[in-house]
Each structure stands twice: as C-alpha cells, then as structure tokens.
Student: 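Have a look at the structure that comes next, please.
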Amino acid sequence: IVSYEAELYSDGNGWYDAEMTISTCSGDIIFSNITNKLLNSETSYVKLSQSGEYSPIIVSVSNGNNPEKISWKLNLPDGTTLQGKNGTYTNCDQYSRTITTHDRSDD
C-alpha cells in the first residue's frame, strides 16, 4: 500500500470549491475531488492510500472561487514533498532523467 498525506490550507472558510486531482505521469487519475470543506479550521489533513508501488505523480488544483486563499502540501511516499496553490505540479521529470557517465581515461 502506498500512502500520501495531504495538508489543505485555507483561511478557515473551506477551499472555495477548489479541488485537487492526483494522476500518474501518463494521465491516469489516482485520486480526484480532494477538497477542504472544513469551516473554522485553516488546515484539513487527508490521508490517501492506494495499492501497488509508488510512481511519480501530477497534482492539479482547480481555481475555485477564491484561489489566492488556498494552498496545499502533499507528503509523498518517497519522502519528498510537493506544495503549491492552484495550478499543476509534478515530480515526473525527477524520475525520467537518465544520467550517462563516460570514462575519459581512454581518451
């Protein structure tokens, strides 16, 4: 089981109809309709779990009615964190890099 921990921040009035979607790098939706509907609380904690192995993700957050009043942090299973406001965030590029080394001792 792979677990993610989301912290959804606002000014205490929910997330103004904004929603978070988490997808694989190929676009398959893992979780959707994640939101903070709590009133009188600035932070909503959400634990998300899925079966299988962890792979890089894309996080998309809609504007909602008041985008400047929302933000979020997502703790990933590999120990890294993505965070932001509305928009799209990803760690796909971190896992797609190939580093090629060349032994120059024969030159």
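We're numbering straight along the sequence, starting at 1.
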Student: Which ring pair (Phe, Tyr, Trp, His ring centres under 6.0 Å) pairs, counting each pair once, include a residue from residues 15-36, with sequence neighbours left out?
Tutor: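 For residues 15-36: Tyr4-Phe31.
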
Student: Please find the pair of heavy atoms, one from Val2 and one from Glu53, that lie closest to each other, and give the distance.
Tutor: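 So the minimum-distance heavy-atom pair works out to CG2-C, 3.5 Å.
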
Student: Side chain to side chain donor-acceptor pair (under 3.5 Å) with Ser62: which residues, sequence neighbours excluded?
Tutor: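 Ser62 satisfies side chain to side chain donor-acceptor pair (under 3.5 Å) with no other residue.
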
Student: Is there a path of hydrophobic side-chain contacts, each under 4.5 Å between heavy atoms of I/L/V/M/F/W/Y residues, joining Ile30 to Met20?
Tutor: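 Met20 clusters together with Ile30.
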
Student: Surrounding CD of Glu68 (heavy atoms of other residues, nucleotides or ligands, distance under 6.0 Å), is the total greater than 12?
Tutor: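 Count over threshold, so yes.
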
Student: For Glu7 and Asn75, work out which heavy atoms get closest and say how close.
Tutor: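 Looking at all heavy atoms of both residues, the shortest contact is OE2-ND2, 3.7 Å.
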
Student: Could you tell me whether the side chain of Lys69 reaches within less than 4.5 Å of the side chain of Tyr9, counting heavy atoms only?
Tutor: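 With C-beta onward as the side chain, the pair stays apart.
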
Student: Do you know the tightest heavy-atom contact between Asp11 and Asn13?
Tutor: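 Scanning both residues, the minimum pair turns out to be OD1-N, 3.2 Å.
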
Student: To the closest 0.5 Å, what do you measure between CG (Asn91) and CG (Asp78)?
Tutor: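 Here the rounded value is 6.5 Å.
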
Student: According to a hydrophobic-cluster definition based on side-chain heavy atoms being under 4.5 Å apart (Ile, Leu, Val, Met, Phe, Trp, Tyr only), do Tyr54 and Tyr89 belong together?
Tutor: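 Linked within one cluster.
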
Student: Considering only heavy atoms from C-beta outward, does the side chain of Ile70 approach that of Asn36 to under 4.5 Å?
Tutor: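 Result no, sub-4.5 Å side-chain heavy-atom pair not found.
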
Student: What are the two closest non-hydrogen atoms of Ala18 and Thr35, and how far apart are they?
Tutor: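 Closest heavy-atom pair between Ala18 and Thr35: O-OG1, 2.7 Å.
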
Student: For the residue pair Gly14 and Leu39, what are the closest heavy atoms and their distance?
Tutor: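 What the structure gives for the nearest pair is N-CD2, 3.8 Å.
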
Student: Does a side-chain heavy-atom distance below 4.5 Å link Leu76 with Ile57?
Tutor: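 Heavy-atom side-chain distance check passes, below 4.5 Å.
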
Student: Quick one, Glu19 and Ile34 - any side-chain contact, counting heavy atoms below 4.5 Å?
Tutor: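 Answer no - side chains too far apart.
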
Student: Report the distance from atom CG of Leu8 to atom CD of Glu42, rounding to the nearest 0.5 Å.
Tutor: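 Here the interatomic distance stands at 13.5 Å.
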
Student: For the OG1 atom of Thr24 and the CD1 atom of Ile29, what is their distance to the nearest 0.5 Å?
Tutor: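 Here the rounded value is 9.5 Å.
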
Student: Does any non-hydrogen side-chain atom of Ile22 lie less than 4.5 Å from one of Leu74?
Tutor: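 A side-chain contact exists here, since the closest heavy-atom pair is under 4.5 Å.
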
Student: Sequence neighbours left out, what passes side chain to side chain contact (heavy atoms under 4.5 Å, CB included) with Ser49? Give chain and number order.
Tutor: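 If we apply the side chain to side chain contact (heavy atoms under 4.5 Å, CB included) test to Ser49, skipping adjacent residues, the hits are Ile1, Ser3.
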
Student: Measuring only between side-chain heavy atoms, which start at C-beta, is Trp72 closer than 4.5 Å to Val59?
Tutor: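 Yes, side chains in contact.
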
Student: Identify the heavy atoms of Ile58 and Thr88 that sit nearest to each other, and give their distance.
Tutor: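 Reported closest heavy-atom pair: CG2-CG2, 3.6 Å.
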
